[in-house]
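Report on the structure given below.
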Number of protein chains: 2
Amino acid sequence: MARHAKFSNDDVIDAAARLAARSGPAQVTIGAIASELSAPTGSIYHRFASRDQLLGEVWLRTAANFQTQFAARLFAGAPRQAGLSAALLVPAFVRAEPIHARILLLHRREDFLQGAWPETMAQRAQALKSEMDTGLRRFTRSALDRSDSAALRLIKFALVDAPLAAVLPHLRSDEPPPPLVDGLIEIAFCATLDAAEKLLPRRKSS
Amino acid sequence: MARHAKFSNDDVIDAAARLAARSGPAQVTIGAIASELSAPTGSIYHRFASRDQLLGEVWLRTAANFQTQFAARLFAGAPRQAGLSAALLVPAFVRAEPIHARILLLHRREDFLQGAWPETMAQRAQALKSEMDTGLRRFTRSALDRSDSAALRLIKFALVDAPLAAVLPHLRSDEPPPPLVDGLIEIAFCATLDAAEKLLPRRKSS
DNA sequence: ATGCAAATAGAATGCGCGTTCTAGAATGGC
DNA sequence: GCCATTCTAGAACGCGCATTCTATTTGCAT
């Protein structure tokens, strides 16, 4: 019925993702994507209604990819084991998919879309966020037998914040994190969970 | 001899800093600064040769401010005490000067000046970086009696990366970090230094 | 073969922002 | 009081980029 697309939807997203990972979302101009693909600028708009739609898609696809793996690890086995495995996903993800990792961890969501997100994408972003929130809450209950905000904060530090911190310098220099990084994450994870069990009384909801 | 300046050099930097902290360096346009000051755009250029010069100044002033305090704490007393005190400067700085903290910790240096830094500012930035590097190296020697890269990486995690991670969620939501955050930082700091003393043999330079 | 749907192709448009330019006003030394 | 100097004031310019518009091409259904 019609001419075949030379540049697929994913071709465009991939090109945008490469640019974003390399030099940040601000450098992802329609012109830059076009020349990365050797395509004319107009063709981009046959796939995406606007630059915002495209950049939002880049971010959402990457975030969903990471969160799926994270959630899978978080509930595979005994809490302590599974939690550590989830925490160690962070450096593993950085090594396996440095482009996606740089997109997700090196830039803030607001740098992709400065203004408001298009309605349907805002919903998808919100869905990802609640998914992560309820996952962490569920994990906190199973690991500490509590779900107050202090317990949640501790778990989030052990599972997300500390791994991110350990990996960040290597993301910035764009080199794979050395094995030592996994050690740092494990140290922080164990120390935080030990402290949580020691300091926080169980079965109390402050 | 001449007319008095209505807007001082620091007035301009402060206005730019407020805007950068509130909505990121990309939103710090000359027009935005001007309207923040109720000044005409032209006046900005009587103080700074270009937007790059101004934004660079914002970043450098903030970084120098933080680093001075950090270095002071790092060598005030016994290593373990002093190190913890330096690590805890991070949340203290966020509470005391949220604007400067957001500028320094929430955005990357490259988001302030995308291209190359003006020569003299590049030198000042480099000087700050080496100052921090040698400070950390000196601290590593005094705390662990080593200065190989593994020891340095551990110390940097305990002193910089982990505190940053603990504070980051609160910077994003623009609320002062609760006291619990100091606890997290202390836990990570002590665990990392304990592990370093246990795992790394002393007086070896790998 | 032929027409139409859906692409490619890239020039044209409009806008936002950094920077510069022109005018007018204040200040202090003479 | 007058001049040189340095500011305020804001309009004007030019460039880069998102978006749109006008061809032109392609391939399947008929």
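Throughout, protein chains are lettered first and strands after them, A, B, ... in sequence-line order, and every chain is numbered starting at 1.
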Exercise. The side chain of B:I30 lies closest to which of these nucleotides: C:dG18, D:dT8, D:dA18?
Worked result: C:dG18

For this session: Go through D:dT20, D:dC7, C:dA7 for me and flag the one nearest to the B:A5 side chain.
Result: D:dC7

Does [X] have a side-chain nitrogen or oxygen under 4.0 Å from the phosphate oxygens OP1 or OP2 of [N]?
X	N	value
B:T29	C:dC17	no
A:K6	C:dA9	yes
B:H4	D:dT8	no

Exercise. Contact class for B:F7 vs. all strands (heavy atom < 4.0 Å): base, sugar-phosphate, or nothing?
Worked result: sugar-phosphate

Exercise. Base, sugar-phosphate, or nothing: which does B:T41 touch, judged by heavy atoms less than 4.0 Å apart?
Worked result: base

For the pair made of [atom1] in [X] and [atom2] in [N], what is the distance, rounded to whole Å?
X	N	atom1	atom2	answer
A:D11	C:dT8	CG	P	10 Å
B:H46	D:dA9	NE2	C1'	9 Å
A:I44	C:dA7	CD1	P	13 Å
B:F48	C:dC17	CZ	P	20 Å
A:L37	C:dA9	CG	P	11 Å
B:R51	C:dG16	CZ	P	17 Å
B:Q114	D:dC17	CD	P	10 Å
B:Y45	D:dG10	OH	P	17 Å

Exercise. What do you reckon, is CZ of B:R138 surrounded by more than 12 foreign heavy atoms closer than 6.0 Å?
Worked result: no

For this session: In sequence, state the C-alpha distance, the side-chain angles, and the governing distance for B:D14 and B:R61, and then conclude on salt bridge (Lys or Arg N to Asp or Glu O under 4.0 Å).
Result: CA-CA 10 Å; B:D14 286 342; B:R61 196 187 63 168; 3.0 Å; yes

Exercise. Considering heavy-atom distances to DNA chain C, does B:D52 or A:P40 have its closest nucleotide positioned more toward the 5' end?
Worked result: A:P40

For this session: Verify the distance criterion only: is there a donor paired with an acceptor across the side chains of A:R153 and B:H170 at less than 3.5 Å?
Result: yes

Exercise. Does a donor on one side chain sit under 3.5 Å from an acceptor on the other, for A:Q123 and A:E119?
Worked result: yes

Exercise. With a 3.5 Å cut-off and just heavy-atom distances, do the side chain of A:R3 and the base of D:dT25 make a donor-acceptor pair?
Worked result: yes

Exercise. Would you call the rings of B:W117 and B:W59 parallel, tilted or perpendicular if under 30° counts as parallel and over 60° as perpendicular?
Worked result: perpendicular

For this session: Please figure out whether A:Q27 or B:A39 has its closest DNA chain D nucleotide nearer the 5' end.
Result: B:A39

